[in-house]
Amino acid sequence: QVHLMASGGGLVQAGGSLRLSCAASGSIFTINSMAWYRQGPGKQRDLVAAITRGGTTNYADSVKGRFAISRDNAKNTVYLQMNSLKPEDTAVYYCYADEIKEGSSWWADYWGDGTLVTVSS
């Protein structure tokens, strides 16, 4: 059983920066991919950025060049560095991780609690 704890949300002015963190804890086999999703007011929950255990990344077009996802495998932690923030980035941000077991088809995924990011104009 894996628990995800996100932190780093807050209020920032347009053009500013924030860094979100999410740490996985509990009984862990292997954390495979980790990702950040967000859900803005009146919108669907969409993928922001994802990263594999090996470091391959994927970004939504709306954040390319502004956001950077990274991870520390030793700490089972994923980060999202958000620069040049825009009011359109205002959303609840959710951490996601999936877990695998070597030599097995066993798989599980987990969601953390959301952390609110508010960007003022």
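A quick note: this is a predicted structure, and the numbers were derived from the prediction, not measured. The basis for the numbers below is simple: all heavy atoms, side chains too, and nothing from hydrogens, waters or symmetry mates.
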Considering residues at least two apart in sequence or located in another chain, which fulfil the side chain to side chain donor-acceptor pair (under 3.5 Å) criterion with [X]?
X	answer
S21	none
N58	none
Q81	N83

Inset, instruction - Count the heavy atoms of every other residue, nucleotide or ligand shown that sit under 6.0 Å from CD of Q44, and state whether that count exceeds 12. - result: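 Open.
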
Legend entry - Nonpolar side-chain network containing Y79, other nodes, edges under 4.5 Å: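 Noted: Y79 shares its cluster with no other residue.
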
Inset, instruction - Hydrophobic side-chain clustering at under 4.5 Å (ILVMFWY, transitive links): who's grouped with M5? Put none if nobody. - result: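 Direct or chained contacts put M5 with none.
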
To the nearest 0.5 Å, tell me how far [X] [atom1] sits from [Y] [atom2].
X	Y	atom1	atom2	value
R38	T90	CZ	OG1	9.0 Å
Y94	W36	OH	CH2	12.0 Å
T115	L18	OG1	CG	9.0 Å
L116	Q39	CG	CD	12.0 Å

Legend entry - Within residues 39-68 or reaching into it, pairs that qualify as salt bridge (Lys or Arg N to Asp or Glu O under 4.0 Å) - sequence neighbours excluded: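 Of all non-adjacent pairs touching residues 39-68, those that pass salt bridge (Lys or Arg N to Asp or Glu O under 4.0 Å) are D61-K64, R66-D89.
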
Inset, instruction - Could you name each residue pair satisfying salt bridge (Lys or Arg N to Asp or Glu O under 4.0 Å) that touches residues 110-121, not counting sequence neighbours? - result: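 Listed by first then second residue: nothing to list.
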
Donor-acceptor pairs under 3.5 angstrom involving side-chain atoms of residues 98-107: please list them, not counting sequence neighbours.
| unit_1 | atom_1 | unit_2 | atom_2 | d |
| --- | --- | --- | --- | --- |
| D98 | OD1 | N32 | ND2 | 3.1 |
| D98 | OD1 | S33 | N | 3.4 |
| E99 | OE1 | Y110 | OH | 2.7 |
| E99 | OE2 | F29 | N | 2.8 |
| S104 | OG | W106 | N | 3.0 |

Legend entry - Pairs where residues 13-73 contributes a residue and the test disulfide (SG to SG under 2.5 Å) is met, not counting sequence neighbours: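 Qualifying pairs: C22-C95.
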
Legend entry - side chain to side chain contact (heavy atoms under 4.5 Å, CB included) partners of A35, counting only residues at least two apart: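 Y37, L47, A50, Y96.
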
